[in-house]
Amino acid sequence: MSDRDAPDSPPSDPHGRSNGPRTLVIGVLGGIASGKSAVARLLAGPDGEVLDADRNAHAALESPALREKLVEHFGEAVLAPPDAPPNARGERPVDRAALARVVFDRPEARKLLEGWIHPVVRARLTESLADAHRRHVPRVVLDVPLLLENADEHGLLEPCDFLVYVETPAEARDARAVRDRGWTVGEVARREATQMPQEAKRARADVVIDNDGDLEALAAATHRALQTLLGS
């Protein structure tokens, strides 16, 4: 087990009162298209909760203020095609894939975009985690793609009691990204070249879950990993 093992006593709220049964916090690591989201849901189970950074980022992109900034700085190329279904306000929604194509190879543009989105996502995740503690949720699983890389920025690594790494062969991850995301072959490796090496992420994990089979095998492997973390 790691030095993030859960303390024996529950945390207290800002007023110093006992918060009751503590919430176990698990961070999920792994490469792009490795199945982290599926593992996060399995780890949380019916009584836990998943805090999904991508889902919060998607919601942030749909805010009127941010949509306006994106169009102002990058043009309508970052919006969905005119014949796409409109958003709730009757507007063309932001096309995440198109936005990624616009900013990925432009460091200054990517930094600008991250400066708009990351504070919003960080605030939402931090508040959701605090709320889960207040409600005594037994397990919270953090599905945050750059949990290690941006730890100083978002502060979500420190609350983790355990880290789980999802290991999936690189060729399988690339094939999934092509099939499910419409990426070109080799795009996964290209994007991961800007991130912490997978070997380093794996070394930080308390347990490793192999995702080289079907969903049933993944569920069984995740159950075994959770039992290991819980000391059963």
Side-chain angles (χ1 to χ4, degrees), residues 1-31 34-63 117-167 201-202 204-211 215-232:
M1 295 301 166
S2 75
D3 56 4
R4 294 177 303 277
D5 288 358
D8 295 331
S9 58
S12 58
D13 68 15
H15 303 288
R17 298 185 297 266
S18 173
N19 232 9
R22 80 180 308 281
T23 296
L24 186 71
V25 182
I26 302 173
V28 179
L29 309 174
S34 60
K36 296 187 299 296
S37 295
V39 168
R41 292 190 296 270
L42 290 166
L43 285 170
D47 299 323
E49 294 182 3
V50 176
L51 300 188
D52 187 332
D54 278 347
R55 183 176 298 175
N56 280 276
H58 183 71
L61 284 174
E62 286 306 314
S63 69
I117 294 179
H118 285 185
V120 176
V121 174
R122 179 169 64 246
R124 291 183 178 187
L125 292 176
T126 300
E127 175 52 34
S128 294
L129 182 57
D131 180 62
H133 279 292
R134 288 192 293 267
R135 292 183 289 110
H136 317 313
V137 175
R139 279 193 303 281
V140 169
V141 184
L142 301 182
D143 186 4
V144 179
L146 300 179
L147 183 62
L148 296 181
E149 287 90 337
N150 292 344
D152 291 340
E153 176 185 316
H154 56 58
L156 292 168
L157 179 62
E158 186 176 354
C160 291
D161 299 299
F162 300 108
L163 296 177
V164 171
Y165 182 83
V166 184
E167 184 158 50
K201 292 185 179 184
R202 192 183 194 280
R204 294 286 299 274
D206 297 288
V207 295
V208 175
I209 296 175
D210 289 321
N211 184 18
L215 185 58
E216 183 177 354
L218 180 62
T222 303
H223 177 74
R224 290 193 299 270
L226 184 58
Q227 294 308 303
T228 297
L229 295 180
L230 296 177
S232 302

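Residue numbers start at 1 and run along the sequence shown. Here the structure is a predicted model, which means the values were calculated and not measured.
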*Measure the spacing between CG of Leu147 and NZ of Lys36 and express it to the nearest 0.5 Å.*
10.5 Å
*Is there a side-chain contact between Leu148 and Leu163, using heavy atoms and a 4.5 Å cut-off?*
yes
*Considering non-hydrogen atoms only, spot the tightest contact between Arg204 and Leu157 and give its length.*
NH2-CD2, 3.6 Å
_Side chains of Lys201 and Glu149, heavy atoms from C-beta outward: is any pair under 4.5 Å?_
yes
*Arg135 side, atom CZ; Thr23 side, atom OG1 - distance, nearest 0.5 Å*: 8.5 Å
_Please list all pairs meeting salt bridge (charged side-chain N to carboxylate O under 4.0 Å, His left out) that have one or both residues in residues 52-61, counting only residues at least two apart or in different chains._
none
_Can you list everything that forms a salt bridge (charged side-chain N to carboxylate O under 4.0 Å, His left out) with Glu127? Sequence neighbours excluded, please._
Arg134
*If you take all heavy atoms of Val140 and Val137, which pair is closest and at what distance?*
CG2-CG1, 4.2 Å
*Which value, rounded to the nearest 0.5 Å, describes the distance between Leu142 atom CG and Leu129 atom CG?*
6.5 Å
*Going from CZ on Arg122 to CG on Asn150, what distance comes out if it is rounded to the nearest 0.5 angstrom?*
9.5 Å
*What are the two closest heavy atoms between Asn211 and Ser34, and how far apart are they?*
ND2-O, 2.8 Å
*Mark yes or no for whether Asp143, through its side chain, and Val50, through its backbone, hold a donor-acceptor pair below 3.5 Å.*
no
_Contacts of Arg139 that satisfy salt bridge (charged side-chain N to carboxylate O under 4.0 Å, His left out) - sequence neighbours left out_ = none
_My understanding is that only one of Leu43, Val207, Val39 makes a side chain to side chain contact (heavy atoms under 4.5 Å, CB included) with Ile26; could you say which?_
Leu43
*For residues Asp206 and Phe162, report the shortest heavy-atom separation together with the two atoms involved.*
OD2-CA, 3.2 Å
*Which heavy-atom pair separates Val121 from Ala53 by the least distance, and what is that distance?*
CG1-O, 4.0 Å
*Is there a donor-acceptor pair under 3.5 Å between the side chain of Thr126 and the backbone N or O of Ala123?*
no
_Rounded at 0.5 Å granularity, tell me how far CG in Leu229 sits from CZ in Arg224._
13.0 Å
